[in-house]
Amino acid sequence: MSDTTANKAIRSIAIVGGGTAGWMAASLLAQTLRGTDCAITLVESPDIGTVGVGEATIPPIFDFLKLIEVDLDAFIPATQATFKLGIKFNNWRAIGEAYWHPFGTFGVSIDRRPFHHVFHKARAQRLDPTVPRFSLAAALGEAGRLAHPDSRAPGPLAGLRQALHFDAALVARFLRDHAERRGVKRLEREVAEVTLRDDGFIDALVLKGGGEVRADLYIDCSGFRGLLIEQALGAGYEDWTRWLPCDRALAAPTAHVGPPAPYTQATAQSAGWRWKIPLQHRVGNGSVYCSAFLDDGAAQDELLTAIGSPLAQPRKLSFTAGRRKVMWSRNCVALGLASGFLEPLESTSLHLVCSGLYKLLDHFPDRDFAPSNIAAYNRALADEYETYRDFILLHYCVTDRDDTPFWRERAAAPLPDRLAERIELYRACGRVDAKPGELFTDLSWFYIFEGMGVRPRAYDPLVEASNFDQVRAILPDLTARIDAVVAQSPTHEAALAAIVRRSAA
Ligand SMILES: Cc1cc2nc3c(=O)[nH]c(=O)nc-3n(C[C@H](O)[C@H](O)[C@H](O)COP(=O)(O)OP(=O)(O)OC[C@H]3O[C@@H](n4cnc5c(N)ncnc54)[C@H](O)[C@@H]3O)c2cc1C
């Protein structure tokens with residue numbers, strides 16, 4: 001590091017907000033900056049609550065927990081976590097139909113062709129292929145069993161991936177202890193005002209009751225209100241309601257009926273959908289709906305009819321799908337709900353917190369806050385938000401449902417150009433134009449297309465170059481290997497109990 005660089009180093013960071021986003025940011029920044037003298041302060045209001053319903057994650061959550069050196073044997077019991085092998089979608093294409101978006105590998109690549117092209121040929125050959133026959137995660141999920149990925153094992157265990165369901169409030173509490181042990185200072189105070197310097201940068205956070213916090217870099221994790229990024233800096237909001245019109249949610253826990261399933265369920269309803277997320281101590285339920293088609297009372301009736309008696313009154317949340325026009329403005333970076341919101345259909349919100357943090361580390365500023373560096377961050381994150389938006393929208397726009405005004409409107413709604421192009425490419429030849437490094441790979445897109453009944457007119461012509469008699473012989477073997485792993489695996493409940501016992505010991 002040159003002296004000039006050292007002289008301009010960020011010496012203090014103030015995080016506003018003690019929800020999941022705030023404590024994830026505090027944990028990772030404390031871990032990364034541990035060798036420096038940069039002071040990190042987190043301010044959280046004792047009176048303004050957290051959203052606390054971010055309960056389902058996707059596989060990269062384990063990378064984040066590993067990076068901040070969390071002991072999973074402590075984390076899983078402390079957060080009432082369960083494992084997630086994918087999402088089961090009910091009633092999306094048509095009422096009574098279900099499909100899987102499982103994690104991990106699918107079949108095997110044959111002659112370097114992705115397996116889903118072989119799958120299409122197998123269908124053309126009337127072999128009646130199904131996703132759970134070639135996906136270990138879906139097969140385990142259907143059986144209510146759990147196995148752990150093993151990169152050294154031959155067969156499907158090597159490609160297995162999993163994520164977690166957890167109690168978001170307990171996660172924030174766990175990460176708070178974790179971050180405080182690494183030197184993060186916590187202030188239980190409300191920010192009453194944000195003052196700006198002449199150049200428009202944030203100068204200080206003025207606290208209710210007196211006192212202020214000053215820092216070089218501010219992280220806005222204040223939730224939907226965007227106290228710093230929007231209210232103080234006026235970043236602006238890109239409203240995506242025309243594409244994702246759901247704008248309300250109701251969340252209500254229930255007691256377990258039966259063992260916890262190792263997957264999330266997303267069930268389409270009359271004007272939106274309902275989630276079911278099993279934790280160790282309860283089941284998280286909720287519905288996401290569109291207020292233009294369903295009023296709050298009817299939405300509550302629909303939810304309660306589906307879930308039975310809740311353990312607590314349903315909690316209502318309102319939101320607008322979209323993102324801040326810029327997520328980083330001057331000396332302020334917004335993360336979590338302060339940066340934008342996409343409905344939780346594919347559990348992308350907490351991942352966007354991680355991804356925003358990784359990109360912040362990749363673009364970590366000095367006190368000059370180079371505009372080109374900030375612009376590069378904003379471009380990367382905007383791109384990511386847009387890809388996730390399109391992936392979520394895909395679940396709606398190719399539906400065959402026409403039983404309610406909401407679903408008729410969804411099937412006819414105009415699409416972003418990029419998504420329309422992706423759908424046309426898949427319909428033409430079964431290919432997905434996913435860029436390298438995108439979170440949702442061609443396989444994820446395939447699962448949704450396949451589950452929603454979108455059938456390509458043709459598959460990869462190079463599949464014809466493989467000896468299909470040999471391929472036909474391999475297919476039952478792949479299923480047999482999956483069945484063998486499923487048969488040897490403990491139930492999800494037994495696997496969780498073993499972790500809790502190990503942790504207690
Ligand atoms: C219905 C719903 C379901 C969801 N499900 C999932 C899911 O399954 N998976 C997933 O990944 N994500 C999900 N999310 C998103 C997830 O809940 C959020 O991304 C996550 O909880 C992060 O929230 P947050 O920390 O940004 O905001 P919040 O939880 O709202 O926290 C805001 C914090 O800011 C503080 N604050 C606000 N104003 C002030 C002030 N003036 N002074 C001091 N402090 C202040 C508050 O005290 C609080 O600590 C869901 C969201 C919703 C709405």
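As the structure lists them, so they are numbered: ligands from 1, and atoms in each ligand from 1. One is the number of the first residue; the rest follow in order along the sequence.
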**OP:** Give the residue, atom name and distance (to 0.1 Å) of the protein heavy atom nearest atom 12 (N) of ligand 1.
**Re:** Ser349 CB, 3.2 Å

**OP:** May I ask you to check whether His165 and Thr264 show a side-chain donor-acceptor distance below 3.5 Å?
**Re:** yes

Original post:
Is it the side chain, the backbone, both or neither of Ala249 that has a heavy atom closer than 4.0 Å to ligand 1?
Top reply: side chain

Original post:
Which protein non-hydrogen atom lies closest to atom 21 (O) of ligand 1, naming both residue and atom, and how far is it?
Top reply: Thr20 OG1, 3.3 Å

**OP:** Go through the side-chain N and O atoms of Ser355 and Glu384 and say whether any donor and acceptor fall under 3.5 Å apart.
**Re:** yes

**OP:** For salt bridge (charged side-chain N to carboxylate O under 4.0 Å, His left out), just list the numbers for Asp383 and Lys435, CA-CA rounded to whole Å, side-chain angles, deciding distance to a tenth of an Å, and then say yes or no.
**Re:** CA-CA 11 Å; Asp383 212 39; Lys435 285 190 219 139; 3.4 Å; yes

Original post:
So does Glu230 pair up with Arg225, basic N to acidic O under 4.0 Å?
Top reply: no

Original post:
In ligand 1, which numbered atoms sit nearer than 4.0 Å to a non-hydrogen atom of Ala56?
Top reply: 7 (C), 8 (O), 9 (N), 10 (C), 11 (O)

Original post:
What atoms in ligand 1 come closer than 4.0 Å to a heavy atom of Ala21?
Top reply: 22 (C), 24 (P), 25 (O), 26 (O)

**OP:** Report the C-alpha distance between Arg323 and Glu238 in whole Å, list the side-chain angles of each, state the deciding distance to 0.1 Å, and finish with yes or no for salt bridge (charged side-chain N to carboxylate O under 4.0 Å, His left out).
**Re:** CA-CA 5 Å; Arg323 64 165 173 84; Glu238 203 168 301; 3.3 Å; yes

**OP:** Flag the pair Arg418 and Asp390 as a salt bridge only when some basic side-chain nitrogen lies within less than 4.0 angstrom of an acidic carboxylate oxygen.
**Re:** no

Original post:
Atom CG in Asp71, atom NZ in Lys66: separation rounded to 0.5 Å?
Top reply: 13.5 Å

**OP:** Report yes or no: is the cationic atom of Arg401 (NZ for Lys, CZ for Arg) under 6.0 Å from the centre of the six-membered ring of Trp92, at an angle within 45° of the ring normal?
**Re:** no

Original post:
Which atoms of ligand 1 are found less than 4.0 Å from any heavy atom of Gly336?
Top reply: 26 (O)

Subject >> Nearest protein heavy atom with distance in Å, relative to atom 14 (N) of ligand 1 >> reply: Gly54 CA, 3.8 Å

Subject >> Options Leu350, Val353, Leu352, Val51, ranked by nearest heavy atom to atom 20 (C) of ligand 1, top entry >> reply: Leu350

Original post:
Going by the order shown, which atoms of ligand 1 are within less than 4.0 Å of some heavy atom of Leu227?
Top reply: 40 (C), 41 (N)

Original post:
Which atoms of ligand 1 are found less than 4.0 Å from any heavy atom of Pro344?
Top reply: 3 (C), 4 (C), 5 (N), 6 (C), 7 (C)

Original post:
Will you find, in the side chains of Ser270 and Glu302, an N or O donor that is under 3.5 Å from an N or O acceptor?
Top reply: yes

Original post:
Taking NZ, NE, NH1 and NH2 as the nitrogens, is one of them in Arg11 or Asp216 under 4.0 Å from a carboxylate oxygen of the other?
Top reply: yes

Original post:
What part of Glu55, side chain from CB on, backbone N/CA/C/O, both or neither, has a heavy atom under 4.0 Å from ligand 1?
Top reply: backbone

Original post:
To the nearest 0.5 Å, how far apart are CZ in Phe83 and CG in Leu496?
Top reply: 6.5 Å

Original post:
atom 49 (O) of ligand 1: which protein heavy atom is closest, and how many Å away?
Top reply: Gly18 N, 2.8 Å

Subject >> Shortest heavy-atom approach to atom 23 (O) of ligand 1 - which of Thr57, Leu337, Ile15, Asp47 >> reply: Leu337

Subject >> Identified ring-ring contact (aromatic ring centres under 6.0 Å, His included) counterpart of Tyr447 within the set Tyr99, Phe440, Phe106 >> reply: Phe106

**OP:** Report the nearest protein non-hydrogen atom to atom 35 (C) of ligand 1: residue, atom name, distance rounded to 0.1 Å.
**Re:** Gly17 CA, 3.6 Å

**OP:** Please work out which of Ala266, Gly22, Cys354, Cys221 has its closest non-hydrogen atom nearest to atom 33 (C) of ligand 1.
**Re:** Cys221

Original post:
Would Ser347 and Lys84 count as having a side-chain donor-acceptor pair, cut-off 3.5 Å?
Top reply: yes

Original post:
Considering only the protein, which heavy-atom contact is closest to atom 44 (N) of ligand 1, and what is its distance?
Top reply: Ser45 N, 3.1 Å

**OP:** Enumerate the atoms of ligand 1 whose separation from the nearest heavy atom of Phe341 is less than 4.0 angstrom.
**Re:** 51 (C), 52 (C), 53 (C)

Subject >> Within reach of ligand 1, part of Phe319 (heavy-atom separation under 4.0 Å) >> reply: neither

Original post:
Which of the numbered atoms in ligand 1 are below 4.0 angstrom from a heavy atom of Ile48?
Top reply: 37 (C), 38 (N), 39 (C), 40 (C), 41 (N), 46 (C), 47 (O)

Original post:
Among Val43, Thr50, Val53, whose heavy atom sits nearest atom 52 (C) of ligand 1?
Top reply: Val53

Subject >> Minimum-distance protein heavy atom relative to atom 41 (N) of ligand 1 >> reply: Val191 O, 3.1 Å

**OP:** Give the numbers and elements of all ligand 1 atoms closer than 4.0 Å to a heavy atom of Arg189.
**Re:** 43 (C)

